[in-house]
> 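The following block contains the structure, expressed as structure tokens.
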Amino acid sequence: GKMYAAGWHQSMEAGKGLTFYAPKLGISPESICRFQACIDRFPMVAQLYAHGLCTLFPAGGKAVVDYAIDKSIPSFADTNLDGPSAAFPFANSLTITRDDFSNYQHRDRDEIQIAYGLWWPAAYVQTPKDGKYTYYQLHKDGDHSDIKGGAFLWGEYGVGVDFQRCSGLVEIYWRGKVDFHSTMASHSPRGVTRFGTSVQLTRKGTAAVARHWKNGGLRKRIVTANDRLAKIQRIENHGHQPKGKGKAH
């Protein structure tokens, strides 16, 4: 399976302390445009998750928001950290999985114990240009029952969420840093996948933010999503990667 992430995390680049997840170097211009369109919608996405968590578990939602406000943690929807932002403080990290993703029992390395996620079935849409499955849409003609396995399991308690018995959008709250949990193996028919997502306040991400503010919050020490995209476009325009520079992570 595959896992992707969006939001703020500790930078590995010299002279930088805080970085926003963005595509690696070498992606196509079409992919750059898709990513830009995606991050433009992040405020609506963050609002959806915040509303869902605060509705399902009001005390948990309040804990995430209160911590983010108190520590000035930027939401994954705040892609620039440059001047005023319409993005309300919230979880710094959004993770997305698909294509029969699975993992072992583990505890998350989060700052607080609140984790919240959404799961839904989706259909691949074949592009007429090259025939590759690169787009996704809600699976209107099917449901979770089409995908075998993939339950979300809390092993030490012997309980879990069996998605095959669920319908439509599934939401779950769990104590990510407290309870061992995992996504079980699954098998999806051709042209179908199950998306799994979660929003969290990660330990390393919040620590990086704290250091950023402690060191004066200097703009030159952060790499925003737009910074990353601009770098990719400069390199693509020159037709090669500058000597001595590695891929962006």
Side-chain angles (χ1 to χ4, degrees), residues 1-12 16-22 39 42-43 45-79 81 87-98 101-119 150-157 159-161 163 170-184 195-214 222-223 225 249:
K2 297 179 181 178
M3 173 182 279
Y4 305 91
W8 296 97
H9 66 103
Q10 179 179 331
S11 178
M12 302 301 290
K16 305 295 183 181
L18 193 60
T19 300
F20 194 91
Y21 283 110
I39 62 176
F42 275 1
V45 174
Q47 184 178 20
L48 171 69
Y49 280 87
H51 181 267
L53 174 56
C54 290
T55 301
L56 178 66
F57 181 35
K62 184 176 184 300
V64 172
V65 173
D66 286 352
Y67 186 93
I69 292 175
D70 182 56
K71 304 297 183 181
S72 297
I73 306 298
S75 165
F76 66 84
D78 191 346
T79 57
L81 280 190
F88 197 75
F90 189 52
N92 68 290
S93 175
L94 166 68
T95 59
I96 307 105
T97 63
R98 61 176 172 84
F101 172 85
S102 64
N103 56 11
Y104 294 103
Q105 289 281 298
H106 66 282
R107 292 188 179 111
D108 297 326
R109 296 176 180 178
D110 291 339
E111 183 65 18
I112 67 174
Q113 65 182 28
I114 312 298
Y116 172 76
L118 298 173
W119 282 256
F152 194 77
L153 176 70
W154 290 271
E156 59 187 319
Y157 304 123
V159 298
V161 176
F163 292 115
V170 179
E171 57 179 346
I172 305 174
Y173 147 73
W174 69 101
R175 302 184 304 175
K177 65 179 291 185
V178 176
D179 303 320
F180 282 98
H181 59 280
S182 65
T183 300
M184 303 296 290
F195 276 90
T197 64
S198 66
V199 290
Q200 290 154 280
L201 285 162
T202 63
R203 184 182 303 166
K204 288 186 176 180
T206 55
V209 171
R211 287 193 296 271
H212 173 68
W213 297 130
K214 183 179 180 180
I222 64 174
V223 181
H249 296 282

> Before you tell me yes or no, could you show the steps for Trp174 and Ser198 under side-chain contact (heavy atoms from CB on, under 4.5 Å), namely the whole-Å CA-CA distance, both residues' side-chain angles and the distance that decides it to 0.1 Å?
CA-CA 10 Å; Trp174 69 101; Ser198 66; 3.7 Å; yes
> So, does Glu171 use its side chain to make a donor-acceptor pair with the main chain of Gly117 at under 3.5 Å?
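Flag not set: sc Glu171 to bb Gly117 has no pair under 3.5 Å.
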> Using side-chain hydrogen bond (donor to acceptor under 3.5 Å, both in side chains) as the criterion, list what pairs up with Asp66, not counting sequence neighbours.
Lys62
> If every non-hydrogen atom of Leu18 is compared with every non-hydrogen atom of Gly205, which pair is closest and at what distance?
CD1-O, 4.5 Å
> Taking the side chain as everything from C-beta on, heavy atoms only, tell me whether Thr97 gets closer than 4.5 Å to Phe195.
no
> Just checking, any donor-acceptor pair under 3.5 angstrom between side chains of Thr197 and Tyr49?
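Side chains of Thr197 and Tyr49: pair found under 3.5 Å.
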> Looking at side-chain heavy atoms only, is the closest gap between Phe101 and Lys2 below 4.5 Å?
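Contact flag for Phe101/Lys2 side chains = no.
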> So, does Thr183 use its side chain to make a donor-acceptor pair with the main chain of Gly150 at under 3.5 Å?
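Here the side-chain-to-backbone pair does not exist.
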> Taking all atoms of both residues into account, what is the closest heavy-atom pair of Ala208 and Gly17, and its distance?
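Closest approach of Ala208 to Gly17, heavy atoms only: CB-O, 3.8 Å.
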> More than 12 non-hydrogen atoms from neighbouring residues, nucleotides or ligands closer than 6.0 Å to CZ on Arg107, yes or no?
yes
> Begin from the C-alpha positions of Ile172 and Tyr116 and carry the test side-chain contact (heavy atoms from CB on, under 4.5 Å) through to its verdict.
CA-CA 6 Å; Ile172 305 174; Tyr116 172 76; over 6 Å; no
> Looking at every heavy atom in both Val64 and Ala91, which two are closest together, and how far apart are they?
CG1-N, 4.1 Å
> Kindly check if the number of other-residue, nucleotide or ligand heavy atoms within 6.0 Å of CD (Gln47) is above 12?
no
> Please report the shortest heavy-atom distance between Trp8 and Asp78, naming the atom on each side.
NE1-O, 2.7 Å
> Measure the OG1-CG distance between Thr202 and Asp108 for me, rounded to the nearest 0.5 Å.
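CG of Asp108 is found 10.0 Å from OG1 of Thr202.
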> Find the distance between OG (Ser11) and CZ (Arg211) and round it off to the nearest 0.5 Å.
10.5 Å
> Apply side-chain contact (heavy atoms from CB on, under 4.5 Å) to the pair Lys16 and Ile222, showing each step before the final yes or no.
CA-CA 6 Å; Lys16 305 295 183 181; Ile222 64 174; over 6 Å; no
> Between Gln200 and Thr95, which heavy-atom pair has the shortest distance, and what is it?
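Closest approach of Gln200 to Thr95: OE1-OG1, 4.4 Å.
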> Let me confirm one number: the NZ-OG distance from Lys204 to Ser93, rounded to the nearest 0.5 Å.
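Nearest 0.5 Å value for the NZ-OG distance: 12.5 Å.
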> With sequence neighbours left out, what residues match Thr206 under side-chain contact (heavy atoms from CB on, under 4.5 Å)?
Tyr67, Ile73, Asn92, Glu111, Leu201
> For the aromatic rings, using the six-membered ring if either is Trp, is the centroid distance between Trp119 and Phe163 under 6.0 Å?
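Judged by ring-centre distance (under 6.0 Å), Trp119 and Phe163 do meet the cut-off.
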> Taking Leu153's backbone N and O only, do any of them form a donor-acceptor pair with Gln105's side chain (distance below 3.5 Å, no angle check)?
yes
> Verify side-chain contact (heavy atoms from CB on, under 4.5 Å) between Val223 and Phe20, making sure each step is shown before the conclusion.
CA-CA 6 Å; Val223 181; Phe20 194 91; over 6 Å; no
> Donor-acceptor pair, Ser182 side chain versus Met184 backbone, under 3.5 Å?
no
> Is there a donor-acceptor pair closer than 3.5 Å between any side-chain N or O of His106 and the backbone N or O of His181?
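Judged by distance alone, yes, a pair lies under 3.5 Å.
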> Could you work out, with side-chain contact (heavy atoms from CB on, under 4.5 Å) as the rule, every residue matching Arg175, not counting sequence neighbours?
Gln113, Tyr157, Tyr173, Val178, Asp179
> Check whether any side-chain heavy atom of Leu53 sits under 4.5 Å from a side-chain heavy atom of Ile114, and report yes or no.
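Yes, their side chains come closer than 4.5 Å.
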